[in-house]
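Okay, so here's the structure we're looking at.
Throughout, numbering of the chain's residues begins at 1 and tracks the sequence. Every heavy atom of this structure was used, including side-chain atoms; hydrogens, water molecules and symmetry mates were not.
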Amino acid sequence: MPDTAKNALIAATSKKFEKLKDLLTRVNAKTAMAKDSDGISIKDVIGNRAHWIGLFLGWQEDIDAGRPVSYPADGYKGKALERYNAEVHSSQADLGWDEAQAMLHQRHEQLMKVLSEITYLDLYAAPMLPEVNDWPPGHWADEVGPSHYDSAAKYIRSRIE
């Protein structure tokens, strides 16, 4: 049973990424960089998703090294997610479309490597960030992987279809 849950997470992460990757082939740079009425672009969404995978990977590294973990990052609390995400968008303002896609691909590969190497118990036995909630790393991985891939795809479809 434990291997089934881990394998299901890996399969869902791979499947949702492939669907997103296929959708990204339909987006040209001009469309990707165009802002919506909220000032967000497809490039911003992809950059944000890559950033959050990086956060997860960093949390996992900190946990493995016995270091304290800050959520979402040093100097922020969970209640400041809107401000945090706005600052991520701002920090990625000069990021190009090709760079955003490359960063997403790279982070996805890193996520898949972690998921393949981590044990079922490390994925699901205990909360990853107990000061935030009781989600184990497997739940966080689902949030930054398949769930974020789905929401990015939904946003992209709303902009191009």
Min side-chain heavy-atom separation [X]-[Y] under 4.5 Å:
| X | Y | value |
| --- | --- | --- |
| N48 | D44 | no |
| L123 | L115 | yes |
| Y124 | T119 | no |
| T13 | D142 | no |
| W135 | L129 | no |
| Y120 | T4 | no |
| Y149 | V144 | no |
| V27 | I46 | no |

Would you check if the side chain of [X] reaches a backbone N or O of [Y] as a donor-acceptor pair within less than 3.5 Å?
| X | Y | value |
| --- | --- | --- |
| S90 | E87 | no |
| S14 | A11 | no |
| E99 | G96 | yes |
| K6 | S116 | yes |
| N28 | K30 | yes |
| R26 | I160 | no |
| R107 | A50 | yes |

On a heavy-atom basis, which atom in [X] and which in [Y] lie closest, and how many Å separate them?
| X | Y | result |
| --- | --- | --- |
| A12 | P146 | C-CG, 3.9 Å |
| I40 | Y155 | O-OH, 3.1 Å |
| K43 | A100 | CG-CB, 3.8 Å |
| T25 | D22 | OG1-O, 2.5 Å |
| A126 | P137 | O-CD, 3.4 Å |

[X]-[Y] co-clustered via ILVMFWY side chain contacts under 4.5 Å:
| X | Y | value |
| --- | --- | --- |
| L57 | M103 | no |
| V88 | F56 | yes |
| I156 | W97 | yes |

Inset, instruction - Output every pair passing side-chain hydrogen bond (donor to acceptor under 3.5 Å, both in side chains) with a member in residues 49-60, not counting sequence neighbours, ordered by first then second residue. - result: R49-S151, H51-Y84, W52-N85, Q60-D64
Inset, instruction - Using a strict cut-off of less than 4.0 Å between a Lys/Arg side-chain nitrogen and an Asp/Glu carboxylate oxygen, indicate whether K113 and E109 qualify as a salt bridge. - result: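 No, no charged N to carboxylate O under 4.0 Å.
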Can you tell me how far [atom2] of [Y] sits from [atom1] of [X], rounded to the nearest 0.5 angstrom?
| X | Y | atom1 | atom2 | result |
| --- | --- | --- | --- | --- |
| Q110 | E61 | CD | CD | 8.5 Å |
| D38 | H89 | CG | NE2 | 10.0 Å |
| H148 | K16 | NE2 | NZ | 14.0 Å |
| Q101 | L95 | CD | CG | 10.0 Å |
| L55 | Y76 | CG | OH | 10.5 Å |
| K35 | S41 | NZ | OG | 4.5 Å |

Inset, instruction - May I ask you to check whether over 12 heavy atoms, not counting those of E82, lie within 6.0 Å of atom CD? - result: no
Inset, instruction - Mind checking side-chain contact (heavy atoms from CB on, under 4.5 Å) for I63 and listing every partner two or more places apart, or none if nothing turns up? - result: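 So I63 forms a side-chain contact (heavy atoms from CB on, under 4.5 Å) with V69, M128.
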Inset, instruction - Under the side-chain contact (heavy atoms from CB on, under 4.5 Å) rule, collect the residues that match up with K21, sequence neighbours excluded. - result: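 Expected list: F17, E18, H105.
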Inset, instruction - Check step by step if side chain to side chain contact (heavy atoms under 4.5 Å, CB included) holds for T31 and R159. - result: CA-CA 8 Å; T31 300; R159 296 286 310 274; 5.6 Å; no
Inset, instruction - List the steps, then state whether salt bridge (charged side-chain N to carboxylate O under 4.0 Å, His left out) holds for K77 with E131. - result: CA-CA 10 Å; K77 298 290 181 200; E131 62 283 352; over 6 Å; no
Inset, instruction - Output, in order, the C-alpha distance, side-chain angles, deciding distance and verdict of side chain to side chain contact (heavy atoms under 4.5 Å, CB included) for D36 and I42. - result: CA-CA 9 Å; D36 66 14; I42 292 171; over 6 Å; no
